[in-house]
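This report refers to the structure that appears directly beneath it.
Counting starts at 1 for both ligands and their atoms, in listed order. When a residue number appears, it is its place in the shown sequence, counting from 1. Computation of the quantities below employed the complete heavy-atom set of this structure, encompassing side-chain atoms and omitting hydrogens, waters and symmetry-equivalent molecules.
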Amino acid sequence: MKVKNMDTTYWSVDKNVDNMENYPQIAQAADLLTKNEVVAFPTETVYGLGGNAKSDDAIRKIFAAKGRPSDNPLIIHIAAKSQLHEFVVQVPATAEKLMDHFWPGPLTIIFPYQKGSLSDGATAGLDTVGVRMPAHPVALAIIKKSGLPIAAPSANQSGRPSPTSALHVKEDLAGKIAAIVDGGTTGVGVESTVIDCTSEVPVILRPGGVTKEQLEEVIGEVRVDPALTDTSEKPKSPGMKYRHYAPDAPLYLVDGSREELQEFINEGKKAGLKIGVLTTKENAAFYDADYIFACGERAQLETVASSIYEALRSFNKADVDVIYSEMFPNEGVGNAIMNRLMKAAGQRVLKK
Ligand code: AMP
Ligand code: MG
């Protein structure tokens, strides 16, 4: 479907106000959703591009605005557990425990899907459906006011870094969607963890805001889709096979010391290249490069997660030729950070 050039309405809301649902901007955003238009709004992970999950028209608009491959299903966002019965066949016991513990929050649960209850496009024809309840007052108020299950992928152009501010959404989607609700920068900064609860032992299909360790504390054994670490395996989550989050310039992860990373910078400089470095506050002063982004603090990986997409986008503005990035420990929220960085780098890792 061709995306028509439209005027994108822009509303700004303060996420700290009481009775969010009564604000006119929220009511107008919800009204657009009931008319099957698509609207970007903040969640606690990244900005989402929402549309009525029951409407073929709204779902087509989401895929068209993003340029998203049609075999990549959307996550359905709800504001109350009571909405589940509209499209889920049965709630497994593990899912019940996870919902009680982590919702609202950055956890998407895969359930058996009641065929025909939502637009086919939203679930990409699968017999399962991914659902989450976001922990953001603006997102919850809009969903509740609309009275609909809202399909919402990240509000970026497909392939680019996910948006953690309304400005990022504007850069990618202005003129292609009906409205953007600006509620400030998001908190977690990486997408939700996706866990499949349709199997005996639940399986993590995408690492994200809730860690494996946190999940295991609540439901015991949790497996990880082998495709997350072995790129020759086919991922169970269709979206995981695509290149994602990529900045314009090639990105390389450097498996080594900061001295070794500086050697790569020096070699690039000799070749006349403009070099960008993705590091953290602890190491930023060490490097001699054209553009350096200090992405949070290594000692607190949550701060790295919350600014990783801002970091990746900033290299486009700095107009560098090549980017070298430090690596992070593959544990806790580091699983999500490394998963996103490896995808953004097209799995390219350099070693001296
Ligand atoms: P995004 O909305 O851009 O964060 O992407 C949603 C992610 O959830 C993609 O990786 C999808 O493939 C995944 N997903 C959504 N629904 C399902 C499902 N029913 N089964 C497996 N993965 C899913
Ligand atoms: Mg996305």
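N283 and E326 share a side-chain donor-acceptor pair at under 3.5 Å. Donor-acceptor pairing under 3.5 Å is lacking for the side chains of Y10 and Q25. One side chain, R206 or S192, offers a donor N or O that lies under 3.5 Å from an acceptor on the other.
For atom 23 (C) of ligand 1, the candidate residues are S162, P73, G130, G48; the nearest heavy-atom contact is made by P73. Which of I75, D225, V131, L205 comes nearest to atom 21 (C) of ligand 1 through a heavy atom is settled by distance: it is L205.
Counting only heavy atoms of the protein, atom 22 (N) of ligand 1 lies nearest to S237 OG, 3.2 Å. For atom 11 (C) of ligand 1, the nearest protein heavy atom (residue, atom name, distance) is N72 OD1, 3.2 Å. With respect to atom 2 (O) of ligand 1, the closest heavy atom belonging to the protein is P153 CA, 3.1 Å. Residue, atom and distance of the protein heavy atom nearest to atom 20 (N) of ligand 1 are I110 CD1, 3.6 Å. If you check which protein heavy atom lies closest to atom 5 (O) of ligand 1, you get R68 NH2, 3.3 Å.
At under 3.5 Å, a nitrogen or oxygen of G239, whether backbone or side chain, sits near a nitrogen or oxygen of ligand 1. Checked by distance only, ligand 1 and K236 stay at 3.5 Å or farther apart across all their nitrogen or oxygen atoms.
Checked against side chain to side chain donor-acceptor pair (under 3.5 Å), T185 has no partners two or more places apart in sequence or in another chain. Scored by the side-chain contact (heavy atoms from CB on, under 4.5 Å) test, V89 finds P112, Q114 as partners (sequence neighbours excluded). The salt bridge (Lys or Arg N to Asp or Glu O under 4.0 Å) check on K212 picks up E216, with sequence neighbours excluded.
Listed by number with element, the atoms of ligand 1 under 4.0 angstrom from any heavy atom of L126 are 18 (C), 19 (N), 20 (N). Ligand 1 places these atoms under 4.0 Å from at least one heavy atom of T128: 18 (C), 19 (N), 20 (N). Under a 4.0 Å criterion applied to the non-hydrogen atoms of R206, ligand 1 contributes the atoms 1 (P), 4 (O), 5 (O), 6 (C), 7 (C). Interface atoms of ligand 1 facing S154, defined by a heavy-atom separation under 4.0 Å, are 2 (O), 3 (O).
By the neighbour-count criterion of 12 heavy atoms within 6.0 Å, atom NZ of K317 is densely surrounded, having more than that number from other residues, nucleotides or ligands.
Excluding waters, the protein N/O/S atoms found under 2.8 Å from the Mg ion (ligand 2) are S154 OG.
Between D196 and K236 there is no salt bridge, since none of the side-chain N atoms of the basic residue sits less than 4.0 Å from a carboxylate O of the acidic one. With respect to D100 and K97, no salt bridge is recorded, no charged nitrogen being found less than 4.0 Å from a carboxylate O.
Judged by distance alone, with hydrogens and angles left aside, the side-chain atoms of D290 form a donor-acceptor pair with the main-chain N or O of I275 at under 3.5 Å. A donor-acceptor pair is defined here as one N or O able to donate and one able to accept, closer than 3.5 Å; no such pair exists between the side chain of N156 and the backbone of S162.
Using the six-membered ring where Trp is involved, F293 and F315 have ring planes that are tilted, between 30° and 60° apart.
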